[in-house]
Amino acid sequence: MTELMLKYFRDKQQKVQTEKVYNTQCPYCSMQCKMQLIEQKVVSRKKYKTIGQDNVTSEGRLCVKGMNAHQHALHHDRLKQPLLKVNGKFVPVSWEVALETIKEKFTQIQQEDGKDALSVYGSASITNEEAYLLGKFARVALQTKHIDYNGRLCMASAATGANQTFGMDRGFTNSIQEIPHTRCMILAGTNIAECQPTIMPYFEKAKENGAYIIAIDPRETSTTKLADLHLKNKPGTDIELANGLLKIIIENDLIDEAFIQERTDHFDEVKDYLSNLHLEDIADATGISISDMEQAATVFGREASGMIFTARGIEQQINGTDTVRAFLNILLATGKIGKPYSGYGAVTGQGNGQGAREHGQKADQLPGYRLIENSEHRKYIADVWGIDESCLPGKGVSAYEMFEKINEDAITSMMIMCSNPVISNPNANFVKRALKKLKFLVVVDLFLSETAQLADLVLPTTSYLEDEGTLTNVEGRVLLREASFPIQGDAKHDWKILCEIAHKLGKEAYFPFQSAEEIFEELRIASRGGKADYYGITYDRIKKEQGVLWPCPSPDEPSTTRLFENSFAHQDGKAKMAVVTKQSQSLKPKANKQYPLLLTTGRVMSHYLTGEQTRKSPSLAARNIEAYMEIHPDTAENFGIKENTLVKINSEKGWIIVRSKCSKTIRKDTIFVPFHWDENQNVNRLVGDQLDPYCRMPSFKISAVNIRPVNNV
Amino acid sequence: MRKKRLILIGNGMAGLRTIEHILEENSSLYEITIFGSEPYTNYSRIMLSSVLQGDTTLDDITIHNWDWYERNQIKLYTNETVTDIHKEEKTIQTDKGREMHYDRLIIATGSNPFILPIPGNDKEGVMAFRTIEDCKKMMKASRVYKKAAVIGGGLLGLEAARGLLHLGMEVDVIHLSDCLMNNQLDQKAAKMLQRELEQQGMRFILEKETAEIFGDDRAQGIRFKDGSSIDSDLVVMAVGVKPNISLADKAGLTINKGIIVNDNLQTEDPSIYAVGECAEHNGMVYGLVKPLYEQGAILAQHICQKDTAGYQGSTISTQLKISGVDVFSVGEFHETPERKAIYFHDEITDTYKKIIFEEDKAVGAVLFGDTSASPKLLDTIVKQKYIPDHQKQDLLQPVDPSNSYGATLDKKEFVCTCNSVSKGEIIDNVLKNELKTVNEVKKCTQASSSCGGCKPVVHELLTYIYSDHFDEKMEDNRFCSCTDLTEDEIVTEIQTRGLSDIASIMRELNWKNTEGCSTCKPALEYYLEMIYPEYEQNQDTVYINEKMNALIKQDNTYSIIPQLYSGLVDLEQLEKIYQVVEKYQLSPIALTSGQRMVLNGIKKEDLTAVWADLNMPLHSVTANAIQSVKTSNSDHLCHCDKQPAIQISAQIEKQIEFIKTPYRIRIGVSACNHNSAGATSKDIGVIHMNNDTWEIYVGGSSGRHVRSGELLYVAQSEKETIEIILAFIQYYRQSANFAERTWQWIDRASIVHIREVLFDKDLLNLLTDKLKKDQMQRKQILLKN
């Protein structure tokens with residue numbers, strides 16, 4: 001709430017008359033801070049403010065986004081009615097008309113183009129119940145194989161890397177409370193200070209306790225300021241760097257032989273491969289001196305405990321999976337996992353980035369982290385859903401690949417739930433063109449986003465203030481988000497919308513749900529026996545225990561606070577180390593004559609994802625009114641660019657115009673642009689369409705670009 | 001729920017610190033009773049030597065007075081010694097026959113000085129140095145006797161000896177080893193210390209073992225094992241302490257050197273804890289205050305059922321409290337094949353530093369002469385920080401807090417971005433309210449109260465502010481020398497007391513100078529007019545309507561300014577102006593930087609006729625108002641479309657005419673990127689960009705202190721541009737101080753805050769509506785006058 005600083009009494013605001021309080025959880029990042037919206041009535045006006053609520057993860061803290069989250073949720077622009085596009089213009093229609101239109105179009109399209117011509121694009125901002133239901137909706141109500149979600153652009157590399165290495169993917173292998181006691185940590189491509197601000201005190205505490213912090217990032221950020229050693233490597237050279245560190249660790253005998261022997265496979269191959277590498281070459285490629293690498297490796301190897309945290313910096317690469325595995329190799333070789341104060345943390349980005357990747361929103365996945373191509377898994381889920389296994393579609397394609405399918409006319413209709421892919425996908429111009437090609441596009445959103453504007457039908461949904469459900473936070477802790485604020489206008493909860501469409505399509509028997517909790521009850525059974533087993537978790541238990549860390553296979557079992565203490569989740573109980581070569585990056589964009597600079601992207605503290613929500617919030621917009629390009633002053637001078645002036649950035653895929661911001665804290669061969677803005681400031685228009693071979697992650701963190709000043713002088 | 005009874009045996013520093021922590025953790029859990037053998041409330045035992053040395057007084061070393069015990073509902077029995085603990089019954093018994101039940105018991109009986117078992121040790125004049133009584137005894141003795149001897153050249157012995165010197169006695173220090181403080185110092189430091197103390201007048205008898213104390217009833221001297229002897233009227237034994245564990249022993253608790261406790265400071269009886277010098281943890285008994293305090297914190301958490309990481313032992317460091325002598329020692333101080341040292345020895349300044357490393361961690365240090373690096377060293381050692389080789393020698397130097405990130409930030413830069421708290425705001429509040437901790441800063445300013453991410457920076461700032469390097473001053477907010485009130489206080493008082501003229505303001509608010517001064521008088525005039533729109537003041541302008549107004553000049557002639565919106569003049573207007581100038585023989589027309597023409601030198605008697613002949617709207621000039629809006633209409637070099645810019649400027653000008661502002665505002669609207677209206681050096685500037693957006697800059701100045709405007713917003717339409725600018729002006733009017741330039745106001749309020757207000761549609765409408773109303777009202781007032 002913004003208080004005016006007025007000098008004169010007659011202008012000042014009146015005293016508060018009544019107050020109402022609504023419990024909820026922050027709609028933004030994976031910390032899922034608990035909070036309260038306080039509604040104060042002042043004469044005829046309502047004033048709102050948000051305050052933090054104590055809980056075991058965020059401990060009552062909120063960042064500037066959380067404090068102002070209500071500003072978008074209560075914004076004038078919130079959609080309150082379904083909108084149907086008639087002659088290129090949106091007109092408000094009733095739900096009945098909207099649902100009829102969907103039925104008619106979906107039926108027609110499936111008749112003309114086949115079942116798989118329909119597609120569903122989901123989100124990691126929705127609740128577990130909704131993510132689960134969306135997967136079921138695609139497979140049971142629409143019977144299409146084409147479903148994927150925006151988490152593909154976010155957590156896919158870490159998830160796949162952890163699955164391949166450990167056999168399981170839960171963001172944090174240890175509880176967040178262990179962080180302050182670790183002795184050394186590597187923060188690889190993670191800017192927690194701006195992305196998950198309320199987690200910072202855990203890291204600050206660790207530092208106070210004497211932990212040695214190593215940060216890997218091409219830029220100096222608020223996070224790297226915390227570090228004892230900042231390895232400012234060239235973008236995209238993280239595999240070389242990780243390999244270099246492990247090589248030093250092995251050659252200085254800082255490994256844990258017993259752990260390697262008993263708990264891992266493939267160490268010898270890794271060792272052999274690394275022994276043929278030369279530190280001089282690695283130093284050349286990464287731009288990191290041998291002595292800095294030695295220092296980092298020695299501390300991490302020698303200290304009694306250690307943790308590695310990774311995030312999008314090293315993951316949003318076309319070899320993101322391999323990069324994650326290269327870092328996990330270090331943990332395994334030093335035996336720093338499955339023990340107190342030692343472990344791995346994949347710092348999940350989105351609010352439900354963890355839960356939304358577990359229960360069947362992914363093209364190849366069924367609830368409980370089951371696989372759609374595993375016949376046992378198919379059988380189990382088909383039984384839970386009460387359908388014949390043969391009716392369960394197979395594996396679809398990843399998020400970006402769906403737009404390629406649209407371009408090839410294999411997909412002709414799409415339903416997008418709570419996502420803004422024309423901003424968040426790579427090669428965003430192409431994505432926009434693809435969406436325009438669709439015969440029928442339905443978008444479910446709070447606002448008329450850049451994506452929603454392309455829709456034929458827009459359905460108004462509810463916000464974090466109104467929509468109850470569970471979300472799984474950065475640790476893997478399942479939380480219950482209370483939400484009792486009155487629904488605005490004719491908006492409906494996501495799960496309700498899915499149920500009503502299913503009903504219209506004659507699939508009501510599979511979607512009888514009257515509350516989020518009823519869906520959760522089915523999710524418990526669907527996830528039972530899977531890797532992400534929620535069976536032991538109930539709403540009551542979450543309330544009582546302030547959240548439950550999965551896996552929790554039975555109501556009698558406690559939260560699993562630390563993973564892999566005795567064995568890893570692969571069949572044989574062993575973790576798999578991997579030989580990670582730099583060959584995997586051969587397709588990475590490289591600076592060249594035409595595009596001489598490397599572009600990397602990221603977040604700013606006051607904005608979130610595509611900015612659709614945060615840009616609507618006055619207090620957040622006030623902090624960053626537009627995108628910008630961070631550039632080293634020497635580089636700026638070389639390109640004739642002055643401070644605070646507009647610059648056109650070109651890549652093979654498109655162009656954008658943003659304002660320059662000079663800073664000596666970035667490498668001279670690299671520029672940075674945050675990704676929260678749309679249209680001509682949408683940096684993803686520059687990003688290429690190469691994808692990681694395992695997890696289909698695009699290369700957001702590195703593009704080759706050229707820049708020039710925008711001048712009409 | 002009934003409170004449980006907690007009994008603390010021992011009213012000393014360790015016990016009381018524990019009680020303080022318990023009160024902080026949960027003050028409603030226990031009813032607390034304390035027994036102390038001494039007649040005093042808790043005092044600082046470690047300050048006794050400072051009392052002897054005359055650096056402080058006995059009154060000043062009290063930590064908790066009776067009032068504190070009372071306030072915290074703690075029952076204190078002084079002069080009463082607990083003689084028995086009955087574990088089974090959970091009761092204690094005292095030497096006064098009192099028996100009392102406990103639910104929890106803390107033993108903090110400390111230790112007793114060790115008295116050498118030698119003949120004569122019971123003579124008068126032979127004493128230890130531990131209590132206030134001992135201290136008083138020494139002071140008394142010094143008034144009668146001349147010669148003192150201290151047995152023991154350790155920390156306590158040297159401090160006692162220095163105290164006795166201060167009291168005017170001759171002092172011999174007898175020490176078994178050839179090195180002073182041989183448990184804390186290496187030979188080099190010990191010798192430097194000895195030399196320094198000798199210069200202060202202390203005498204040393206080293207490598208001597210005491211055999212007996214001779215004399216009749218009173219000590220007269222000391223004889224050593226080698227047969228030699230010295231005379232001495234007062235013999236102070238400072239040869240160590242032994243834990244006071246007889247009570248625990250009698251109660252059947254396990255003891256060794258001390259009372260055995262676990263990581264929670266619990267004895268084997270879970271209801272009984274022991275803390276301080278009497279407790280033995282992991283084979284260690286600690287006799288220094290810091291470890292005892294660390295134990296107290298853990299004990300308190302445990303006894304209040306909070307999670308604790310457990311007590312893990314302490315790193316011992318010592319600092320000698322003798323004025324003029326700086327000695328510090330921590331951990332290991334001898335080299336071995338595994339432990340390597342870095343030395344620094346400066347014979348000129350008599351400074352010696354040595355740090356011992358084991359691989360990449362510092363494990364001990366000795367500092368003599370300059371101990372300023374000790375906080376950093378201690379922290380590094382306690383936390384076992386990893387120090388790479390090239391940084392090892394940095395540890396010899398103290399941290400310079402003026403180099404920290406927090407200290408080097410610009411004053412107006414935000415430390416806390418969540419709550420927009422600038423460095424300057426923190427510094428002002430720290431100085432004004434004497435804030436000492438991050439928590440206090442958080443409570444007072446909100447900095448670090450949300451996400452907590454900036455806590456380290458706040459901490460750095462505090463360290464910097466309280467360091468010798470800090471010399472920034474708090475801003476003087478006084479309005480002028482006529483009053484002690486701040487400008488805000490004055491404006492508030494005018495409104496709450498309903499003061500409606502300058503005389504009553506000065507009277508009621510106790511103006512020191514009843515005439516006022518050139519600072520306060522115009523400001524008060526302005527505020528009165530803002531608060532009471534009907535307030536009449538001496539106008540230097542004439543206003544009848546928009547075609548009939550003028551500025552009164554000092555020579556009693558009048559000036560008028562034809563309103564040429566956007567600086568455009570057509571032929572008809574020019575014709576009229578020409579005729580008027582000719583007809584009334586006016587001075588030459590002055591062209592303003594705001595693209596207007598000023599007709600000067602109109603005689604009073606001609607004024608009405610000039611208005612009538614001109615018959616056109618005039619730009620009303622008042623002292624602090626908005627100057628005409630400048631556009632780029634005269635830029636002939638660029639072929640850009642100037643119409644949109646011209647229209648915007650005309651519209652803005654119409655909506656702000658006649659409005660008073662805290663200070664003159666200059667506005668410029670440039671039609672293209674050439675910025676020919678100088679938009680970036682105006683209070684408000686607009687540039688029409690070639691992608692059809694409008695960049696709005698604020699806080700620029702082309703005055704004596706040239707300043708570039710800051711980008712406030714990039715508007716997407718002309719309508720939005722106008723709205724934002726009008727709301728900006730109104731917000732400035734309603735919150736800026738008199739004569740405060742826009743840039744000063746922006747620095748004070750912060751551009752982020754101003755945007756938060758302007759981007760909020762409700763607030764924006766509130767402001768623009770208010771501006772409209774104010775303009776109407778102002779027109780009416782002008783008309784009435």
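Throughout, a chain's letter reflects where its sequence line sits, starting with A, and its residues are numbered from 1.
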Checklist line | Engaged part of A/A193 at the chain B interface, taking heavy atoms whose separation is under 4.5 Å | finding: neither

Note to self: Does B/K306 have more than 12 heavy atoms from other residues, nucleotides or ligands lying within 6.0 Å of its NZ?
What the structure shows: yes

Item checked: A/R302 side-chain N/O to B/Y386 backbone N/O, donor-acceptor pair under 3.5 Å -> no

List, one per line, each side-chain donor-acceptor pair under 3.5 Å for residues 446-454 of chain B, sequence neighbours excluded.
| unit_1 | atom_1 | unit_2 | atom_2 | d |
| --- | --- | --- | --- | --- |
| B/S449 | OG | B/N419 | ND2 | 3.2 |
| B/S449 | OG | B/Q446 | O | 2.7 |
| B/S450 | OG | B/N419 | ND2 | 3.0 |

Notebook entry, point to check: Applying a criterion of heavy atom separation less than 4.5 Å, what residues of residues 51-59 of chain A form contacts with chain B?
Noted result: none

Checklist line | Rounded distance (nearest 0.5 Å) linking atom CD of A/Q177 with atom CG of B/D307 | finding: 9.5 Å

Next item on the list: Determine which pairs satisfy ring-ring contact (aromatic ring centres under 6.0 Å, His included) with at least one residue from residues 751-773 of chain B, sequence neighbours left out, and list them in order.
Entry: B/Y713-B/F759, B/Y731-B/H753

Margin query: Which atoms of B/F414 are under 4.5 Å from chain A, going by heavy atoms: the side chain, the backbone, both sets, or neither?
Written below: neither

Check: With respect to chain B, which residue among A/L62, A/N680, A/T198 yields the maximal number of heavy-atom pairs within a distance under 4.5 Å?
Finding: A/L62

Margin query: Show the nearest heavy-atom pair for residues B/V757 and A/L4, with the distance to one decimal.
Written below: CG1-CD2, 3.4 Å

Check: By a 4.5 Å heavy-atom criterion (distance strictly below it), what part of A/S222 contacts chain B: side chain, backbone, both, or neither?
Finding: neither

Notebook entry, point to check: Is any side-chain N of the basic residue among B/K361 and A/E303 closer than 4.0 Å to the acidic one's carboxylate O?
Noted result: yes

Check: Hey, is CZ on A/R708 packed in by over 12 heavy atoms from elsewhere, all under 6.0 Å?
Finding: no

Next item on the list: Could you look at B/D389 and say if it's the side chain, the backbone, both or neither that has a heavy atom under 4.5 Å from chain A?
Entry: neither

Next item on the list: Output the distance between atom NZ (A/K207) and atom NZ (B/K385), rounded to the nearest 0.5 Å.
Entry: 6.5 Å

Note to self: Shorter than 4.5 Å, heavy atoms on both sides: which option in B/V714, B/L767, B/L711 has the most such pairs with chain A?
What the structure shows: B/L711

Check: What part of A/I199 gets closer than 4.5 Å to chain B, counting heavy atoms only: side chain, backbone, both or neither?
Finding: neither

Notebook entry, point to check: Which distance, rounded to the nearest 0.5 Å, do you find between the CD1 of A/I657 and the CG of B/N690?
Noted result: 7.5 Å

Notebook entry, point to check: Between B/Q495 and A/K7, which heavy-atom pair has the shortest distance, and what is it?
Noted result: NE2-O, 3.0 Å

Next item on the list: Name the region of B/V491, side chain, backbone, both or neither, that has any atom closer than 4.5 Å to a heavy atom of chain A.
Entry: side chain

Notebook entry, point to check: Is the shortest side-chain N to carboxylate O distance from B/E695 to A/R659 below 4.0 Å?
Noted result: yes

Item checked: More than 12 heavy atoms of other groups within 6.0 Å of B/H459 NE2 -> no

Next item on the list: Would you give the length of the straight line joining atom CE of A/M5 to atom CD1 of B/I754, rounded to the nearest 0.5 angstrom?
Entry: 7.0 Å

Check: By a 4.5 Å heavy-atom criterion (distance strictly below it), what part of B/A736 contacts chain A: side chain, backbone, both, or neither?
Finding: backbone

Note to self: At a 4.5 Å cut-off on heavy atoms, which part of B/L758 comes close to chain A: side chain, backbone, both, or neither?
What the structure shows: neither

Item checked: Closest contact, heavy atoms only, A/E208 versus B/K455 -> OE2-NZ, 4.4 Å

Check: Side chain, backbone, both or neither: which part of A/H76 has a heavy atom under 4.5 Å from chain B?
Finding: side chain

Next item on the list: With rounding to the nearest 0.5 Å, note down the distance linking CG in A/D228 to CD in B/Q391.
Entry: 8.0 Å

Notebook entry, point to check: Highest number of heavy-atom pairs under 4.5 Å with chain A: which of B/N737, B/T380, B/D488?
Noted result: B/N737

Next item on the list: With a 4.5 Å cut-off on heavy-atom pairs, point out which of A/E626, A/M605, A/K65, A/K225 contacts chain B the most.
Entry: A/K225

Checklist line | Between NE2 on residue B/H390 and OG on residue A/S291, distance to nearest 0.5 Å | finding: 7.5 Å

Check: Do A/R623 side-chain atoms and B/T417 backbone N/O form a donor-acceptor pair below 3.5 Å?
Finding: yes

Checklist line | Partners passing salt bridge (charged side-chain N to carboxylate O under 4.0 Å, His left out) against B/E710 (at least two apart in sequence or in another chain) | finding: none

